[in-house]
Number of protein chains: 2
Amino acid sequence: MSAEPAPAPPQLPTATGYALLGLLSFGRELSGYELKQWADGSLRFFWSAPAMSQVYRELERLAESGFVEQRSVVRDGTRSTKVYRLAPAGDAAVRAWLAEIPEPPVLKHPIALRVFFGHLLDPADLRRAVEAHRNWCEQVLHDLNTVRDDLGDDPAWRNAALVAEWGMEYYHGDLEAVARVEQAAIDEAAPGASPA
Amino acid sequence: MSAEPAPAPPQLPTATGYALLGLLSFGRELSGYELKQWADGSLRFFWSAPAMSQVYRELERLAESGFVEQRSVVRDGTRSTKVYRLAPAGDAAVRAWLAEIPEPPVLKHPIALRVFFGHLLDPADLRRAVEAHRNWCEQVLHDLNTVRDDLGDDPAWRNAALVAEWGMEYYHGDLEAVARVEQAAIDEAAPGASPA
DNA sequence: TGTAGCATGTAAGCCGTTACATGATTGA
DNA sequence: TCAATCATGTAACGGCTTACATGCTACA
């Protein structure tokens, strides 16, 4: 008959939780804010980056379940920050998750959608969409390039560098494929109607 | 002072709703079941295919908002089926949506994730993940090939065929990129330890 | 006779988002 | 002193999923 609150059943993390565990597995002790920054600078290129509020919620759950250890530190000045470190249970959990057969990839490609529904857009709108997509890809390529440079040839970041390189090829290929499909789609829409 | 239920405010469709409107824009009158089948055979390759229950819910909302027209038909035998046809408001709505600046693409790539967190997997697990991914891609390529063949060179399906072709290149490229990255990641993990 | 496909939904719940709220610190 | 960034959350909501429930029809 204890009056203590029932211990939370250690439920398994969500995909986002596992991703945070993965980031913590590099050994650093990080705050929610820092984890979000890092996710935005790495995971977002090939997985997804959760909202800030989601990061905090997940960290709380991970701490409740014993997958991470939480403590408050005073870093510089007087303010205290909560920082998180991977616990042994968290290490085991994320390893087990990654060893599972993966889910299929998820792709939502707005240009492919617009080509598919091409009869509902006029060529100018399609071109505007392609241009926005191209700008976005170029920004991503620029960011990835910076990331790649920052990683250098430190063996500790070799895998991250590999993925950054993969990402650059990927988005480069996307750019090329979109250009091809745009040309074909617009040619179809107005055969022979080339601009003066 | 009428006692009638307040008419539902015609709220804008969700992305899934727009996708259904897009499918209906090809002019056919379809049931929820048929729309789901079609989404699974087309949209899923480059966008996403909603769950069956989601299709029904969206169709109901689209009907409430006047974007589609609903009627019950008896198709063969005695059973009646609800079928949906695009209403003028739905046509306008989906056109306007597609003409907007698109959201950025979404990509969740399980192999990239596993390479990034490569220090948490042993090479055998990475290989298993890659193999599962490869099987998945090959299935998709097979399905896309069937789709492409079925579309033939009917000008009415020219855009769909373009996207199917794009998809085949895309997943082919994925396969190649994954093979490259796998080789590099495994080489790194065990340098000099080539199989006998 | 039973299984697979056709066909339509309801219920519950998670995941993640946006919007909101707060306050300290740093540098222009 | 103002804006940007660091830092941490809460509240409300929406989208989509899985699991469940139901029943007909065709075919082997």
Side-chain angles (χ1 to χ4, degrees), chain A residues 8-21 29-41 43-44 47-65 68 70-84 97 103-104 106-108, chain B residues 8-21 29-41 43-44 47-65 68 70-84 97 103-104 106-108:
Chain A
Q11 58 180 339
L12 291 175
T14 69
T16 296
Y18 284 119
L20 294 173
L21 292 177
E29 189 182 46
L30 297 167
S31 70
Y33 193 87
E34 288 164 334
L35 282 163
K36 165 67 173 163
Q37 303 296 99
W38 196 6
D40 281 347
L43 296 179
R44 92 164 139 112
W47 190 249
S48 78
M52 191 70 252
S53 61
Q54 177 75 356
V55 171
Y56 287 119
R57 189 201 292 175
E58 284 302 326
L59 285 171
E60 212 167 301
R61 282 168 54 166
L62 293 171
E64 272 172 25
S65 305
V68 298
Q70 185 188 41
R71 69 190 184 101
S72 281
V73 296
V74 177
R75 286 232 258 227
D76 40 10
T78 54
R79 290 169 51 217
S80 86
T81 297
K82 269 184 222 162
V83 290
Y84 298 84
W97 182 66
E103 323 106 273
V106 172
L107 174 70
K108 292 183 80 168
Chain B
Q11 59 180 337
L12 292 175
T14 68
T16 296
Y18 284 119
L20 293 174
L21 292 178
E29 188 181 49
L30 297 165
S31 70
Y33 193 87
E34 288 163 334
L35 282 162
K36 164 68 172 163
Q37 303 296 101
W38 195 6
D40 282 347
L43 296 179
R44 93 164 140 111
W47 189 249
S48 80
M52 191 72 252
S53 60
Q54 178 73 358
V55 171
Y56 287 120
R57 190 202 293 176
E58 284 301 327
L59 285 172
E60 211 167 301
R61 283 168 52 163
L62 292 172
E64 271 172 26
S65 305
V68 299
Q70 186 187 39
R71 68 190 184 103
S72 281
V73 297
V74 177
R75 287 232 259 229
D76 41 10
T78 53
R79 291 169 50 217
S80 86
T81 298
K82 271 184 222 163
V83 290
Y84 298 85
W97 182 67
E103 323 107 272
V106 172
L107 174 69
K108 293 184 78 167

Practice task
Please state how far atom CZ in B/R44 lies from atom P in D/dT17, giving the value in whole angstrom units.
Solution key: 14 Å
Exercise for the section: Report the distance from atom CZ of B/R61 to atom CG of B/L20, rounding to the nearest 0.5 Å. Expected result: 11.5 Å
Handout entry: Short side-chain N/O contact from A/T16 to OP1 or OP2 of C/dG16, under 4.0 Å
Key = yes
Exercise for the section: Confirm from the modelled atom types if B/R57 and D/dG15 form a donor-acceptor pair under 3.5 Å, side chain to base only. Expected result: no
Exercise for the section: Round to a whole Å and report the spacing from CD of A/E103 to P of D/dT17. Expected result: 14 Å
Exercise for the section: Run the numbers on B/Y33 and B/V55 for side-chain contact (heavy atoms from CB on, under 4.5 Å), then give the verdict. Expected result: CA-CA 8 Å; B/Y33 193 87; B/V55 171; over 6 Å; no
Problem - Within-4.5 Å side-chain heavy-atom neighbours: B/E58 and B/T14 - result: yes
Exercise for the section: May I ask you to verify if any side-chain N or O of A/R61 is less than 4.0 angstrom from the OP1 or OP2 atom of C/dC15? Expected result: yes
Practice task
Calculate the interatomic distance between B/E60 atom CD and C/dA11 atom P; express it in whole Å.
Solution key: 12 Å
Problem - Most 5' of B/Y33 and B/K82 on DNA chain C, judged by nearest nucleotide - result: B/Y33
Practice task
Answer with yes or no whether B/S53 presents, from its side chain, a donor or acceptor under 3.5 Å of a partner atom in the base of C/dT8.
Solution key: no
Exercise for the section: Give the rounded distance in Å between these two atoms: CG of A/L59 and C1' of C/dG16. Expected result: 15 Å
Exercise for the section: Report yes if a donor N or O on one partner sits less than 3.5 Å from an acceptor N or O on the other, where the partners are the side chain of A/S31 and the base of D/dT8; otherwise report no. Expected result: no
Handout entry: Euclidean distance, atom CE of residue A/M52 to atom P of D/dA11 [Å, nearest integer]
Key = 18 Å
Practice task
Quick one: pull up CD in A/E29 and CD in A/Q70 and give me the separation to the nearest 0.5 Å.
Solution key: 11.0 Å
Handout entry: Atom-to-atom span, CD of B/Q54 to C1' of C/dT8 - whole angstrom
Key = 15 Å
Handout entry: Nucleotide D/dG9, atom C1' - distance to OH of A/Y84 in whole Å
Key = 10 Å
Problem - Rounded interatomic separation in angstrom, taking NZ from B/K108 and C1' from C/dC15 - result: 10 Å
Exercise for the section: Could you tell me whether the side chain of A/V106 reaches within less than 4.5 Å of the side chain of B/S48, counting heavy atoms only? Expected result: no
Practice task
Could you check which of D/dC16, D/dG9, C/dG16 has an atom nearest any side-chain atom of A/Y56?
Solution key: D/dG9
Exercise for the section: Would you indicate which nucleotide in D/dC16, C/dC15, D/dT18 comes nearest to any side-chain atom of B/T14? Expected result: D/dC16
